[in-house]
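Letters A, B, ... are given to chains in the order of the sequence lines, protein chains preceding strands, and every chain is numbered from 1. Just the heavy atoms: all of them, side chains too, but no hydrogens, waters or symmetry mates, feed the values below.
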Amino acid sequence: MTVRTRIAPSPTGAPHIGTAYIALFNYAFAKSHGGQFILRIEDTDHVRSTAESEKAILDSLNWIGLQWDEGPDVGGPKGPYRQSERSGLYQEHCMSLVEAGKAYPCFCSSERLKELRSQQMADKAQFMGYDGHCSGMSADDASKRMENGESYVIRLRVPQDGECVVQDRLRDEIRIPWNMVDDQILLKTDGFPTYHLANVVDDHLMEITHVIRGEEWISSTPKHALLYEAFGWDPPEFAHLPLLRNPDKSKLSKRKNPTSISYYQRAGILPEALLNFLGLMAYSLPDGREEFTLNDMVSSFDLDRISLGGPIFDIEKLKDFSGRYLRAMEPEQLYSRLKEWGLNETTWLKILPLARPRLEQLSDLVEMSAFLFSDRLAYDVSELINASESGERAVELLRIVQWEIEKTTCWQTDDVKQIFSLLSEKEDLKLKKLMPLFFVAFAGSSVSLPIFDSMVIMGKDMCLRRIQYALEALAEEGFALKGKGLKRFTSAYQAKYNKV
RNA sequence: GUCCCCAUCGUCUAGCCCGGUCAGGACACCAGCCUUUCAAGCUGGAGACACGGGUUCAAAUCCCGUUGGGGACACCA
């Protein structure tokens, strides 16, 4: 039996550093056993999935140096590798479960479910989840209602009592009482599968032998185990990796840390250093070496050496690693990496039209454009505060723009401009009044190159990071939104900006 | 709240499975050396077995409990 592992990202946002981390271990495990590593796109959430995001994920994983044997771009014998192109498969499989009585149609409205949930919350119920309202319906009744065109979902029939024993490669067996598991939706109203169904069907059909994924999945593993059993399939071996954490130990999140791989790319972290560093998270080579290549890791890889404490993603140490790799390069090599990174003709030709009207000496150019290549700017906090009505107001405006940037999927000058036009309109402030703050936040000075174009050159992730840096600088001076104030501001923002 | 997972320097970790070396390394920090400065480099320093009970001649290591942290509880993955 050849080992086959997979990474199954969902294309619903910026490529996440955690995806690369999980992918790395899947890759290392498969390759160390002479097996295959597969990339599958889990785009069953058709509302949130985008083609841009899918592309960004593939690009990022490629950038970091991970290559898959099968995937949507390279093809393979078990394709298609995009779940949206496999809908028929899930429906067939799901209906076979219904016929066998292992799943059932449910006609409950989302209103009823919402009510149920808030009731459970209010009662502080021990069990939160579906109450099995439709589970006892006769097959006749159900098919009648389906024929009548009523919308429905298909739910998995989960045992009422007893416990599910899950084998985890990295832990002892995990026992979860069945009454903690609710009748999971398998097929949504739109006919698309949920993660649980699609994942199990695909892992089986793609002959995945080892499911190496994040710890967040432990509690839904019983559903997956039950599905394998219902289909009469042998389950793969499960290994749940500890989650990457923020410095405050919570699960790594973009609110508290840059999580997008493309940010690290823009910031000039070397991909081999990032990969090396990720290999140090929850893992160590048997010989204790800290600097290693992907091949080094593969050749000595031992999944059982994973340590289970959730590692904090420490950017300082990542920078140190990047520095080691950089310093080891010959100047020629360094120069070519610099060009590859972005210090090249293409970039300069984008910058020059912006800089030209402002030039007196050629030498002006370097200072003028330095911020486009920087990571963290040396902020003068008083400038940040003075560029707005007050420190508090600066924080609010930066926050709004942060949220608005996150919402955009396109990143051309017009898209950027639109963000600020909206802000100007909603906040009833002229752009001239509004923009100084953002000049300082993005460029480090209220006098700079045209900011919308500059933002496009820097890229969305770097812009987001600059806001974070500016917010940090303001927080050091005591200007911050947190706790209840943040909550109140967030809902006010949503009411104001999210008009549908 | 309920269920589940986890627990060695501030951080990443070695050691744990198979009890017995001053608990080892790396980042960060501090000091010295080198150096026109800084960085890098080199040398040194400070810094951890969460707590309480067992088992044992002996516990970071095995067992139980407590505490702490984290995750999950969606027609998201």
Side-chain angles (χ1 to χ4, degrees), chain A residues 8-13 16 18-19 40-49 83 106 108-110 113-114 116-117 120-130 151-155 163-164 166 168 170-182 184-199 213-223 240-252 276-291 304-321 323-324 326-328:
Chain A
S10 163
T12 52
H16 200 278
T19 306
R40 182 174 71 224
I41 294 292
E42 307 224 327
D43 54 352
T44 54
D45 181 350
H46 67 271
V47 178
R48 295 196 305 147
S49 297
Q83 290 186 329
C106 164
C108 292
S109 65
S110 51
L113 296 175
K114 210 176 277 174
L116 179 69
R117 202 168 311 134
Q120 286 170 340
M121 293 267 253
D123 294 352
K124 294 199 174 152
Q126 293 196 358
F127 172 77
M128 312 255 276
Y130 186 61
S151 71
Y152 62 94
V153 300
I154 303 295
R155 286 182 184 273
E163 59 182 10
C164 176
V166 176
D168 182 289
L170 305 176
R171 292 159 243 265
D172 288 337
E173 37 185 44
I174 297 169
R175 297 166 171 277
I176 296 174
W178 278 119
N179 62 22
M180 290 308 298
V181 183
D182 78 343
Q184 177 62 47
I185 291 179
L186 262 20
L187 213 57
K188 302 184 248 184
T189 315
D190 62 10
F192 271 54
T194 56
Y195 168 86
H196 307 280
L197 206 222
N199 196 262
R213 63 192 350 176
E215 206 174 23
E216 60 207 348
W217 294 108
I218 288 182
S219 35
S220 35
T221 308
K223 294 169 187 172
H240 292 96
L241 262 30
L243 262 20
L244 259 25
R245 318 264 194 112
N246 296 311
D248 69 1
K249 300 198 181 213
S250 54
K251 174 173 156 182
L252 193 64
N276 186 160
F277 181 66
L278 251 14
L280 248 22
M281 297 284 94
Y283 189 69
S284 61
L285 293 202
D287 63 7
R289 247 181 317 163
E290 286 207 321
E291 278 177 55
D304 300 307
R305 285 186 63 81
I306 295 279
S307 64
L308 298 175
I312 289 170
F313 190 82
D314 178 11
I315 297 176
E316 285 309 313
K317 188 158 178 170
L318 169 61
K319 280 190 202 165
D320 175 69
F321 268 75
R324 293 191 207 186
L326 243 21
R327 276 176 247 127

Distances under 3.5 Å between nitrogen or oxygen atoms of protein and nucleotides 31-40 of chain B:
unit_1 : atom_1 : unit_2    : atom_2 : d
A40(B) : O3'    : Arg327(A) : NH1    : 3.2

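Remark: C1' of U2(B) and CG of Asn179(A) are 10 Å apart, rounded to the nearest angstrom. With rounding to whole Å, Leu280(A) atom CG is found 12 Å from A14(B) atom C1'. Spacing between atom CZ of Phe313(A) and atom C1' of G10(B) amounts to 18 Å, rounded to whole angstrom units.
Partners of His16(A) under the ring-ring contact (aromatic ring centres under 6.0 Å, His included) rule, at least two apart in sequence or in another chain, do not exist in this structure. Partners of Glu173(A) by side chain to side chain donor-acceptor pair (under 3.5 Å), not counting sequence neighbours, listed by chain and number: Gln167(A), Arg175(A). The side chain to side chain donor-acceptor pair (under 3.5 Å) test applied to Glu42(A) returns Arg40(A), Gln83(A), Asn199(A), not counting sequence neighbours. Under the side chain to side chain donor-acceptor pair (under 3.5 Å) criterion, Asp45(A) pairs with Arg48(A), sequence neighbours left out.
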Take Arg171(A) and Glu215(A) through the salt bridge (Lys or Arg N to Asp or Glu O under 4.0 Å) test and state the conclusion after the steps. CA-CA 11 Å; Arg171(A) 292 159 243 265; Glu215(A) 206 174 23; 3.3 Å; yes
Footprint string (nucleotides 68-77 of chain B, 5' to 3'): B base within contact, S backbone only, - free, heavy atoms under 4.0 Å: -SSSSSSBBB
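Within 4.0 Å of Arg324(A), counting heavy atoms only, lie sugar-phosphate atoms of the nucleic acid but no base atom.
Under the Watson-Crick or G-U wobble criterion, with both distances below 3.5 Å, A59(B) is left unpaired in every strand shown.
OP1 and OP2 of C17(B) both lie 4.0 Å or more from every side-chain N or O belonging to Arg305(A).
The 5' end of RNA chain B is approached more closely, in terms of each residue's nearest nucleotide, by Pro177(A) than by the other of Pro177(A) and Ile306(A).
The aromatic rings of Phe277(A) and Phe313(A) lie perpendicular to each other, with more than 60° between the two planes, well past the 30° mark.
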